[in-house]
Protein chains: 2
Amino acid sequence: MAVTIHDLARMAGTSTATISRVLSGKRGVGAAKREAIMRLAQEVGYTPNRIAQNLALNKSHVIGLVAAALDNPAYVDFFRRIHRAVHDKGYRVLIADSELDAEKERQNIATMREHRAEGLIVFPVHDWRAAGKAEHFLHLRVQKFPVVIVGRLDDHGLDAVTSEQDECAATLTRHLIELGHRDIAFVGSDPSNRCIAERQAGVERALSAAGLTLRTENIVPDQPGWVEQLETLLRRPDRPTAVVYINDVCALMAHPMLLRLGLRLPADLSQVAFDDSIWSRYLTPPLTTTAERIEEVTARTLEVLFARMEDPDGPAVRHRVAQEVIFRNSTAAPHR
Amino acid sequence: MAVTIHDLARMAGTSTATISRVLSGKRGVGAAKREAIMRLAQEVGYTPNRIAQNLALNKSHVIGLVAAALDNPAYVDFFRRIHRAVHDKGYRVLIADSELDAEKERQNIATMREHRAEGLIVFPVHDWRAAGKAEHFLHLRVQKFPVVIVGRLDDHGLDAVTSEQDECAATLTRHLIELGHRDIAFVGSDPSNRCIAERQAGVERALSAAGLTLRTENIVPDQPGWVEQLETLLRRPDRPTAVVYINDVCALMAHPMLLRLGLRLPADLSQVAFDDSIWSRYLTPPLTTTAERIEEVTARTLEVLFARMEDPDGPAVRHRVAQEVIFRNSTAAPHR
DNA sequence: GTGAAAGCGCTAACAC
DNA sequence: GTGTTAGCGCTTTCAC
């Protein structure tokens, strides 16, 4: 087995207390002894056992990160930032993937608690209006466990940080209206998903403020064949002059079809979307879209989490971070 | 503080040993007692303290994942798969980001060891021919610590799993040669990086087998202005008829410039690259590129890791996983 | 079947 | 300054 603090004590002809003191940089040890112990530890390749240390201190030095789906590239930057900040405060991060399964999510949270994570950052799996059973979140709240819910509106009364979806959608839409568009289609309708619902609501709000109504053709990108549906729509003589996609990926997927149709972009069709995926700026034309302010979401998240870890009582806070609208060249005035 | 096994023992009027036995599903406890204890634990919301358990068992149930750069989207799928498999075996994953800094990498590995991770998966930061100081890897080897190095050729004699870069590069190149290309440019030269060097070597091998030589114009995509350099090259009358990019991102970044030049693709210029980024198939025309077989890399990695955890001795194994070449429509015969 | 007690490796009073 | 000792919460022999 690995060398322990006892071994060191024996070798150095001293006590475990002294060893502990020098290793954790506490004062009250003679310089000579301290020096000798440091060197000894170095020589024998002593590696402190954090498990034992954590048990003794009743701390874990661990922050748990529970992701709804680990394979979502949108998380990546967030992870990195969280990781860095947390690390700088002396914490490690234990990661768990809920694989879009609420039961796994429950399990993951339980596991985190067993490992005595000192704080939790959760991207919940669900965000439905018809909120299912989410007792695990209620438990967390009742027990005042430090946790912040990220990216979902259903915060169950816990601390939460989300990006606003509504205002940026409205901005995007107003932009189209100002260019002269009157016939705007929306691709991607799943109103049971709150995030999508908010985006759609923002679009409709801007439209109705201008006395217009949304053209929802029930093209839902989760279903196969939706690109063909969109193609059919765009072939009609009364086709829309602009389309709002629920996210960049949809715009990307539709792009080859648009070219096949011989549409000149953006002259013949204006397009806007959400999420600012990496490739969006390289599309031809570059796509006008919205971007989450990840650095701010991260900052708020950590701020809230650490504050809560200090003070488990106190009312839940809820942050909504504004999204940025990035205007590129995928829109133009309609020529009709 | 949370309720402990002692509290349960007291409440149930029994001993900690018995509680421990039923909670860890061991036999040798009366059915009635067992039942009662289970219910009690449930009622009071007992959460086992894994820290204490791990200390007693001298296990950590933790696998460490040390990433060179956590914000690389290419990792994402790998992470997910690793996570899932590891979880299924009853392990948690502790994650660390080296932020492309060798010193942080050293630190991360040290931390993992302090936390008594039972196995390590490392994406090393460096992979240079002029290998710098990598003592931390040597230590791991000397101490027979279970670790597998992923994605880098510099494996320091440790277990390793990498994707082959050479053969797929040759395949890509042969494909261009067979189409009739004789003048092929290579974008992205940094021979000190082993992965890039291998790709370039593969290209050159295929070329020289056909009696051709590579056109390296020293366009290195890390430097600003490289797209303009490429543009200059493509404006020359003796411009190449095909280009091999070191990765998809380069192809993507160059794309708008190609359109501006009025090149018809792929008729006027054939293009191939590496990495099969998500958007590559949606480019117009869809990009011919190579893809790592992530599922196989993952499988090999876990196989090797768990084998090593069982048997710390035994010679290091080294797997090279073949890459897949995905032919799409970004190439054509040159019309000259 | 069940309980007492000795650790696991480390920390932190409390003595000296 | 330095050592002694009693835990931290759990597991596991070893008796009974």
Side-chain angles (χ1 to χ4, degrees), chain A residues 1-38 40-41 44-62 90 92 110-118, chain B residues 1-38 40-41 44-62 90 92 110-118:
Chain A
M1 209 65 60
V3 26
T4 76
I5 212 175
H6 279 99
D7 301 331
L8 290 184
R10 198 166 25 73
M11 291 166 149
T14 176
S15 75
T16 62
T18 300
I19 304 286
S20 174
R21 280 194 268 263
V22 350
L23 290 178
S24 42
K26 292 223 168 53
R27 316 171 313 155
V29 179
K33 212 158 204 144
R34 149 165 272 124
E35 179 72 5
I37 291 174
M38 291 296 267
L40 179 64
V44 300
Y46 169 74
T47 307
N49 184 330
R50 297 294 173 204
I51 298 186
Q53 189 184 46
N54 288 336
L55 180 59
L57 291 176
N58 192 28
K59 295 252 302 168
S60 66
H61 295 290
V62 159
R92 318 283 152 249
T111 302
M112 290 297 180
R113 305 202 53 180
E114 294 179 358
H115 281 263
R116 295 299 187 265
E118 294 173 37
Chain B
M1 210 65 59
V3 26
T4 76
I5 213 175
H6 279 99
D7 302 332
L8 290 183
R10 199 165 23 73
M11 291 165 150
T14 177
S15 75
T16 62
T18 300
I19 304 286
S20 173
R21 281 193 265 262
V22 351
L23 290 179
S24 43
K26 292 222 167 51
R27 318 169 312 155
V29 180
K33 213 159 205 148
R34 151 165 271 124
E35 179 72 5
I37 291 174
M38 291 296 266
L40 178 64
V44 300
Y46 169 74
T47 307
N49 185 329
R50 298 295 173 204
I51 299 186
Q53 188 183 48
N54 288 336
L55 180 60
L57 291 175
N58 191 29
K59 295 251 303 168
S60 67
H61 296 289
V62 159
R92 318 284 152 247
T111 303
M112 291 297 181
R113 305 202 53 180
E114 294 179 359
H115 282 263
R116 296 298 186 267
E118 293 173 38

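So that the names make sense, note that chain A is the first sequence line, chain B the second, and so on, each numbered from 1.
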Side chain of [X] only, heavy atoms from C-beta on: which candidate in [options] is closest?
X	options	value
B:A17	C:dT11, C:dA5, C:dC10	C:dA5
A:T14	C:dA5, D:dG3, D:dC10	D:dG3
A:L55	C:dT2, D:dT11, D:dG9	D:dG9

Legend entry - Nearest non-hydrogen partners of A:A117 and A:S60, listed with the distance: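 It is CA-OG, 3.8 Å.
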Legend entry - Minimum-distance pair of heavy atoms, taken over all atoms of A:R21 and A:R27: CD-O, 4.3 Å
Distance in angstrom units between [X] [atom1] and [N] [atom2], rounded:
X	N	atom1	atom2	answer
A:K59	C:dC10	NZ	C1'	16 Å
B:I37	C:dT2	CD1	C1'	10 Å
A:L57	D:dG9	CG	C1'	14 Å
B:N58	C:dG7	CG	C1'	12 Å
B:R116	C:dC10	CZ	P	7 Å
A:D7	C:dC8	CG	P	10 Å
A:L8	D:dG3	CG	C1'	16 Å
A:I19	C:dC10	CD1	C1'	12 Å

Legend entry - 5′-ward residue of the pair A:T4/B:R21 relative to DNA chain C: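 It is B:R21 whose nearest nucleotide is closer to the 5' end.
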Legend entry - Comparing B:R34 and B:A56 on DNA chain C - which has the more 5′ nearest nucleotide: B:R34
Legend entry - Spatial distance of atom OG1 (B:T4) from atom CD1 (B:I19) [nearest 0.5 Å]: 9.5 Å
Inset, instruction - Measure the CZ-CD distance between B:R92 and B:E118 for me, rounded to the nearest 0.5 Å. - result: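 Answer rounded to 0.5 Å: 11.0 Å.
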[X] side chain near [N] phosphate (N/O to OP1/OP2, under 4.0 Å):
X	N	result
B:K33	C:dT2	yes
B:S15	C:dT2	no
B:Q53	D:dG9	no
A:Y46	C:dG9	no
B:K26	D:dT11	no

Legend entry - Side-chain donor/acceptor of B:S20 to backbone N/O of B:T16, under 3.5 Å: no
Inset, instruction - Could you tell me whether B:G28 contacts a base, only the sugar-phosphate backbone, or nothing, with contacts defined as non-hydrogen atoms closer than 4.0 Å? - result: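 It contacts base atoms.
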